[in-house]
Amino acid sequence: MATVTTVTRALPALPEGWSAEKDFKPISSITASTQRTIEPVGPHFLAHARRARHKRTFSEDDR
Amino acid sequence: MAETGGSKAGVAPSDRCAIGISFGNSYSSIACTSEDSPVVIANEDGDRQIPTILSYVEGEEYTGNQAKALLVRNPNNTVVSFKDFLGQDFPSIDPTHCHAAAHPQDVNGTVSFTIQDKAEGDASTLSVSEISTRYLRRLVQSASDYLGKKVTSAVVTAPTNFTEKQRESLIKAANDADLEILQLINEPIASVLAYDARPEAKLEDKIVVVADLGGTRSDVAVVASRGGLYTILATAHDYEFSGVQLDKVLMDHFAKEFMKKNANVDPRENAKSLAKLKAESEAVKKALSLGANANFSVESLADGIDFQLTINRLRYETIGRKVFEGFNRLVEGVIKKAELDVLDIDEVILSGGTSHTPRIASNFRSIFPATTVIQAPSTSATAINPSELQARGAALQASLIQEYESEDIDQSTHPAVTTVKHITNAIGVISLSDDGEEVFTPIIAPETAAPARRTIHIAAPKDGGNVLVKVVEGGTHIKVTKPEPKAKENGTKEEGAEDEDDSDFDSDEEEEEHREKVWKIGTTLAEAGIKDVKKGGKIEVTINVAGDLAVTITTREVGGKGGVRGTLKAA
Ligand SMILES: Nc1ncnc2c1ncn2[C@@H]1O[C@H](COP(=O)(O)OP(=O)(O)OP(=O)(O)O)[C@@H](O)[C@H]1O
Ligand SMILES: [Mg+2]
């Protein structure tokens with residue numbers, strides 16, 4: 001699952017005087033979501049089900 | 001829309017021989033996999049699209065095209081279009097398509113048929129479940145003959161609006177045919193899987209419309225495909241515009257032409273003539289998907305009179321226009337229902353036998369922007385045969401799960417695993433356009449199921465230095481640019497280039513406004529600073545959304561050490 005998209009448009013420079021603890025500033029949570037049903041079909045679903053049933057994260061799954 | 005997996009007739013994984021089955025009201029197909037790629041199996045008659053028909057003559061059982069041919073002389077002992085009746089109470093069925101074959105009857109609420117299925121003695125009353133069992137047994141036999149070993153198990157496709165009761169009833173009918181159902185999967189998803197499983201397919205986040213145009217029904221689904229996980233966003237079903245209506249259009253055409261020469265003889269008024277007219281009209285319709293002309297020819301069509309006539313595709317497209325427009329409306333309607341725009345649709349998969357029709361694909365081509373891929377035989381050289389998609393998808397799924405215990409399959413298909421939160425807005429970062437304007441760059445698409453993880457590599461400012469990774473939500477809107485009002489060009493209206501455009505709809509005449517999808521920047525979620533990036537460097541940003549929608553952001557210079565990591569709590 002390690003497909004990486006490459007973007008050529010550049011990120012902005014850090015504004016003068018910007019500072020944050022450990023260089024990370026949390027601001028808000030993501031917008032509430034909808035519950036939907038994923039179709040239990042295909043190889044990627046099987047990987048999802050395996051993670052869900054063994055309560056594993058993506059990175060644990062990678063190892 | 002829950003899937004039903006497993007069955008009582010569990011077979012040990014090591015003893016399984018599994019296939020995929022698409023079981024339609026009009027046609028069915030069987031498929032297996034060979035070295036991971038799907039193969040649709042021809043039955044003993046050499047057919048891969050096997051009419052879903054069962055017929056009895058003097059105690060002999062016929063299926064497929066042999067049974068279909070018997071509609072002319074043995075309609076009362078021939079059962080057609082029964083599949084959707086499974087699990088339905090008699091009062092709720094629509095028996096229209098059984099008109100010229102065995103009629104469904106109400107036996108204590110159960111849909112049944114009275115058939116002379118033995119050489120001697122009384123006719124039998126057979127429930128739709130029994131009919132289905134007998135038909136499925138024949139399909140399984142054909143597959144077993146092809147594979148040289150007994151097929152024990154199958155993944156079968158079902159319409160998305162098949163009720164739980166219909167699903168149970170289908171599983172029972174299969175079990176009674178000594179067939180274990182590993183899983184019932186939704187038809188449009190089988191078609192998407194058939195495309196995604198091709199070796200050249202790339203794993204991309206996309207919105208797909210699956211238009212399944214069959215014989216007696218048309219079903220359309222909008223599917224979000226995200227990292228290979230599929231979520232159905234909306235569905236629509238139509239029983240008014242489908243393959244048989246196109247047969248009907250041709251039947252009326254040929255009947256009228258016949259009556260021009262033979263006044264007072266209407267081949268539609270005599271059961272046998274009608275059956276011949278219908279069979280030949282369907283054959284003509286199929287021929288018109290390939291060629292520019294087709295020949296209608298029936299010996300003794302009515303009153304002992306032979307009839308022969310050629311029709312060209314343009315004529316067919318003109319007389320079938322109402323039906324074709326019905327397909328357009330169905331597709332446009334379901335996109336609206338999903339609260340999307342045609343610009344949001346990355347791909348349209350044409351599935352089902354009627355999807356062979358070039359006009360339908362070219363109509364869809366004109367509804368969608370040029371960037372939308374239309375997967376149909378007449379618009380794409382790499383399209384998969386629309387009649388085979390569902391069986392192929394089912395066979396692929398069968399090969400994926402046949403090694404699992406049925407209990408494991410049941411657990412994995414349980415709502416506890418399949419019902420999950422989906423991200424509402426896109427998540428991405430702010431980057432700069434050429435003229436220095438802030439623009440949204442998506443990393444995770446909306447409607448992605450959680451948990452999800454995506455990574456991008458994005459350029460740092462040209463000279464490197466300290467870089468801001470500003471993570472935000474994004475949404476899209478459709479930007480409409482009206483053309484400059486310009487003097488109307490003198491009406492050199494293009495006169496129909498033969499087979500195109502002639503029967504076209506007025507919309508093409510309007511001045512075209514330009515519509516495009518643009519991102520707008522939403523709520524800021526977090527900021528991260530990456531220091532001392534080297535000149536020409538790149539930044540890696542990984543966004544990981546947990547099942548509860550907590551977000552972990554990790555970002556660093558590609559090839560650099562350390563990096564920044566932070567989390568956002570779930571709301
Ligand atoms: N090459 C073709 N060109 C045009 N129409 C075709 C072609 N091949 C098959 N069809 C039509 O497709 C229809 C059958 O579609 P399909 O095989 O998807 O059946 P199905 O799923 O059993 O249909 P349903 O359940 O809606 O009755 C029939 O009306 C048939 O005439
Ligand atoms: Mg179908």
Side-chain angles (χ1 to χ4, degrees), chain A, chain B residues 1 3 185-186 189 193 196 203 227-232 397 400 411-413 417-425 427 429-433 439 441 449 451 453 455-462 465-469 473 523-529 539 544 549 551 564 566 568-571:
Chain A
M1 260 286 317
T3 39
V4 175
T5 311
T6 302
V7 180
T8 49
R9 225 164 28 217
L11 291 168
L14 201 61
E16 277 310 313
W18 186 94
S19 80
E21 191 185 322
K22 293 190 171 151
D23 289 336
F24 185 84
K25 206 186 276 182
I27 296 167
S28 62
S29 304
I30 63 176
T31 305
S33 81
T34 38
Q35 287 269 4
R36 293 188 193 272
T37 301
I38 42 178
E39 299 288 310
V41 173
H44 299 280
F45 173 79
L46 289 182
H48 163 86
R50 201 172 51 234
R51 284 190 297 269
R53 292 177 56 202
H54 301 293
K55 305 215 170 356
R56 279 208 304 258
T57 64
F58 284 106
S59 32
E60 282 160 359
D61 214 40
D62 286 347
R63 272 174 223 148
Chain B
M1 225 172 287
E3 248 67 4
I185 64 173
N186 281 323
I189 303 304
L193 183 63
D196 280 356
L203 184 62
L229 293 180
Y230 309 122
T231 304
I232 295 180
Q397 179 68 6
L400 284 172
Q411 273 182 32
S412 293
T413 53
V417 174
T418 58
T419 306
V420 298
K421 293 190 156 129
H422 281 61
I423 295 157
T424 305
N425 296 320
I427 303 172
V429 291
I430 288 189
S431 60
L432 298 178
S433 69
V439 286
T441 297
R453 180 180 62 175
T455 299
I456 64 162
H457 285 175
I458 180 164
K462 251 205 332 281
N466 297 344
V467 179
L468 172 66
V469 179
E473 287 191 320
T523 318
T524 302
L525 299 174
E527 289 179 356
I539 307 294
N544 195 331
L549 297 192
V551 178
V564 176
L568 307 172
K569 282 204 252 340

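By convention in this document, chain letters (A, B, ...) are assigned in the order of the sequence lines, proteins followed by strands, and residues within each chain are numbered from 1.
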Residues B:I456, A:T6; criterion side chain to side chain contact (heavy atoms under 4.5 Å, CB included); working and verdict: CA-CA 6 Å; B:I456 64 162; A:T6 302; over 6 Å; no

Audit row: A:E39, B:N186, side chain to side chain contact (heavy atoms under 4.5 Å, CB included) steps and yes/no: CA-CA 8 Å; A:E39 299 288 310; B:N186 281 323; 2.8 Å; yes

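Only the side chain of B:I539 comes within contact range of chain A, with heavy atoms under 4.5 Å apart. Residue B:A571 touches chain A through both its backbone and its side chain, counting heavy-atom pairs closer than 4.5 Å. Neither the backbone nor the side chain of B:D196 comes within contact range of chain A, judged by heavy atoms closer than 4.5 Å. B:V420 touches chain A through backbone and side chain together, each having a heavy atom under 4.5 Å away. Proximity to chain A (any heavy atom under 4.5 Å) is shown, for B:S412, by both the backbone and the side chain. Using a 4.5 Å cut-off between heavy atoms, B:L193 touches chain A through its side chain atoms alone. Looking at A:L46, only its side chain comes within 4.5 Å of chain B, counting heavy atoms on both sides.
Contact annotation: the side chain of A:S28 never approaches that of B:L568 to less than 4.5 Å [non-hydrogen atoms, C-beta and beyond]. Taking 4.5 Å as the limit, some side-chain heavy atom of A:T31 sits within range of a side-chain heavy atom of B:E473. Using a 4.5 Å cut-off on side-chain heavy atoms (C-beta onward), B:Y230 and A:I38 make no contact. Counting only heavy atoms from C-beta outward, the side chains of B:L468 and A:P15 approach each other to under 4.5 Å.
Taking all atoms of both residues into account, the shortest heavy-atom contact from B:A460 to A:A10 is O-CB, 3.7 Å. Between B:S431 and A:P12 the shortest heavy-atom distance is CA-CD, 4.4 Å. The shortest non-hydrogen separation linking A:F24 to B:A528 is CD1-CB, 4.1 Å.
Atoms CZ and CD1, from A:R36 and B:I423 in turn, are 12.0 Å apart once rounded to the nearest 0.5 Å. Going from atom CD of B:Q411 over to atom CZ of A:R53 covers 4.5 Å, rounded to the nearest 0.5 Å. Put simply, CG on A:L11 and OG1 on B:T441 are 8.0 Å apart, with the number rounded to the nearest 0.5 Å. For the atom pair B:E527 CD and A:W18 CH2, the distance stands at 6.5 Å (nearest 0.5 Å). To the nearest 0.5 Å, the span separating OG1 on A:T37 from CD1 on B:I232 amounts to 9.0 Å. Atoms NZ and CG, on A:K25 and B:L525 in that order, are 14.5 Å from each other to the nearest 0.5 Å.
Chain A forms more heavy-atom pairs under 4.5 Å with one residue of B:H422, B:Q397, B:K462, B:K421 than with any other, namely B:H422. Counting heavy-atom pairs under 4.5 Å between each of B:T424, B:T231, B:V467 and chain A puts B:V467 at the top. Contact count against chain B (heavy-atom pairs under 4.5 Å) is highest for A:P26 among A:A52, A:P26, A:A20.
Under the rule for a ring pair (Phe, Tyr, Trp, His ring centres under 6.0 Å), the partners of A:F45 that lie at least two apart in sequence or sit in another chain are A:H48. A:R9 is linked by a salt bridge (charged side-chain N to carboxylate O under 4.0 Å, His left out) to nothing, counting only residues two or more places apart in sequence or in another chain.
With hydrogens and angles ignored, the 3.5 Å screen pairs no side-chain donor or acceptor of A:T8 with any backbone N or O of B:I458. A donor-acceptor pair under 3.5 Å is formed between the side chain of A:S29 and the backbone N or O of B:K569.
For CD of A:E21, the number of neighbouring non-hydrogen atoms (other residues, nucleotides, ligands) closer than 6.0 Å is 12 at most.
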